[in-house]
Protein chains: 2
Amino acid sequence: MKNEKITLCTEMIRHAGLKATPQRISVLKVLSELKSHPSAEMLMEELETQGHVMSVGTIYNILETFSQKGLILKLKDNQEVMRFDGNTDFHVHVYNKTNDDILDYFDSNLEVILKDYFEGNLPEGLSINRMDVSLYA
Amino acid sequence: MKNEKITLCTEMIRHAGLKATPQRISVLKVLSELKSHPSAEMLMEELETQGHVMSVGTIYNILETFSQKGLILKLKDNQEVMRFDGNTDFHVHVYNKTNDDILDYFDSNLEVILKDYFEGNLPEGLSINRMDVSLYA
DNA sequence: TTGAGTGCAAAGCGTTTGCAAAGCA
DNA sequence: TGCTTTGCAAACGCTTTGCACTCAA
């Protein structure tokens, strides 16, 4: 039922130490139902079609709070600004939050392991141009 | 020597089918020398201290061109906009450039493989909060 | 010469912020 | 009631764009 889901979301929000406002509940509910990975704008539109109108600032505020509490994932993570890398060979990036540094970690074994792995496991005819492995410290 | 490096950069730029302007040469040279992963602004400052002043628009223009030709890597890649994911369990994201879609690919084996792998291979006391594996199709 | 590339400044756009009003606990 | 959260609109900051000028080939 609808109500069960709402109760669950309310539960999760409270459990994270937050007040269960209607805005937060509907954001969490919609985001957990969606199979896609919406942007803030997409989410707002979806919420709007479901009758949950709220302001842009609130959406961003809620999403930020949720991701800090670990309720959702913020893709693109802590890289607010575009960064560039002169080395196009495969390597792992280790993002160090404390000093805003990006370390490189080279390992040709890992590339082979991953390539072999995805070779056999990816759905149908998906051809991958690039792999990106990032660690967040 | 300095000149060798400049010649090499010129070579690479021409080989990519681009005109070897002084701006492009110095950008590629500086970026390949730097061990860090500069933002556009950082790069501009570094260029400036080396006596290569150029306008912001040009920097962005050059970096975009280079990354399209595969000469450099643009971190954060084709995710221009923040996206959100209701599922915080480990899974691979497959970015599909053509339709701006993000597919999920769940595999608990992979998580174990990677965790084990990094366990023994990462430098010293780096503790990882999150791993992100992205494929670009 | 001439089409590609640069400089400059203005515009764009996703995101953040400040503050008053509202509402959960 | 008290303190968190929302709404609104303005501000922010990185990036893009338009157009005239310049220059590599």
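Protein chains get the first letters and strands the later ones, always in sequence-line order, with residue 1 at the start of each.
No more than 12 heavy atoms of other residues, nucleotides or ligands sit less than 6.0 Å from atom CD of A:E11.
Regarding B:Q68, its CD atom lies at a distance of 15 Å from the C1' atom of C:dG5, rounded to whole Å. Across the protein-nucleic acid pair, B:I59 atom CD1 and C:dG5 atom P stand 16 Å apart, rounded to whole Å. One can place CD of A:E64 at 13 Å from C1' of C:dT17, the figure rounded to the nearest angstrom. As rounded to whole Å, 6 Å separates atom C1' of C:dG5 from atom CZ of B:R24. Straight-line distance from the CE atom of B:M42 to the C1' atom of D:dG13: 15 Å, rounded to whole Å. Here C:dG14 presents its C1' atom at 10 Å from CZ of B:F84, a figure rounded to the nearest Å. Computed from coordinates, the A:H52 NE2 to D:dG7 P distance equals 13 Å when rounded to whole Å. As a whole-Å value, the separation of B:R83 CZ from C:dG14 P is 12 Å.
Taking 4.0 Å as the cut-off between side-chain N and carboxylate O, A:D132 and A:R130 count as a salt-bridged pair.
Hydrophobic cluster membership is shared by B:L34 and B:L28, with clusters built from Ile, Leu, Val, Met, Phe, Trp and Tyr side chains linked at under 4.5 angstrom.
Inspection of the B:S55 and B:T58 side chains reveals an N or O donor paired with an N or O acceptor under 3.5 Å.
Residue pairs meeting the ring pair (Phe, Tyr, Trp, His ring centres under 6.0 Å) criterion with at least one partner in residues 41-62 of chain B, sequence neighbours excluded, do not occur; the list is empty.
Checked against D:dT15, C:dG14, D:dT5, the side chain of A:Y60 finds its nearest nucleotide in C:dG14.
A sub-4.0 Å separation between OP1 or OP2 of D:dT6 and a side-chain N or O of A:S55 is absent.
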Would you give a per-nucleotide map of nucleotides 20-25 of chain C, 5' to 3', where B means the base has a protein non-hydrogen atom under 4.0 Å away, S means only the sugar-phosphate does, and - means neither? ---BBS
For B:F90 and B:D107: C-alpha separation, side-chain torsions, deciding distance, then whether side-chain contact (heavy atoms from CB on, under 4.5 Å) applies. CA-CA 8 Å; B:F90 175 80; B:D107 196 321; over 6 Å; no
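Side-chain contact check for A:Y95 versus A:H93: some heavy-atom pair is nearer than 4.5 Å.
Sequence order on DNA chain D of the closest nucleotides to A:N61 and B:T58 puts A:N61 first from the 5' end.
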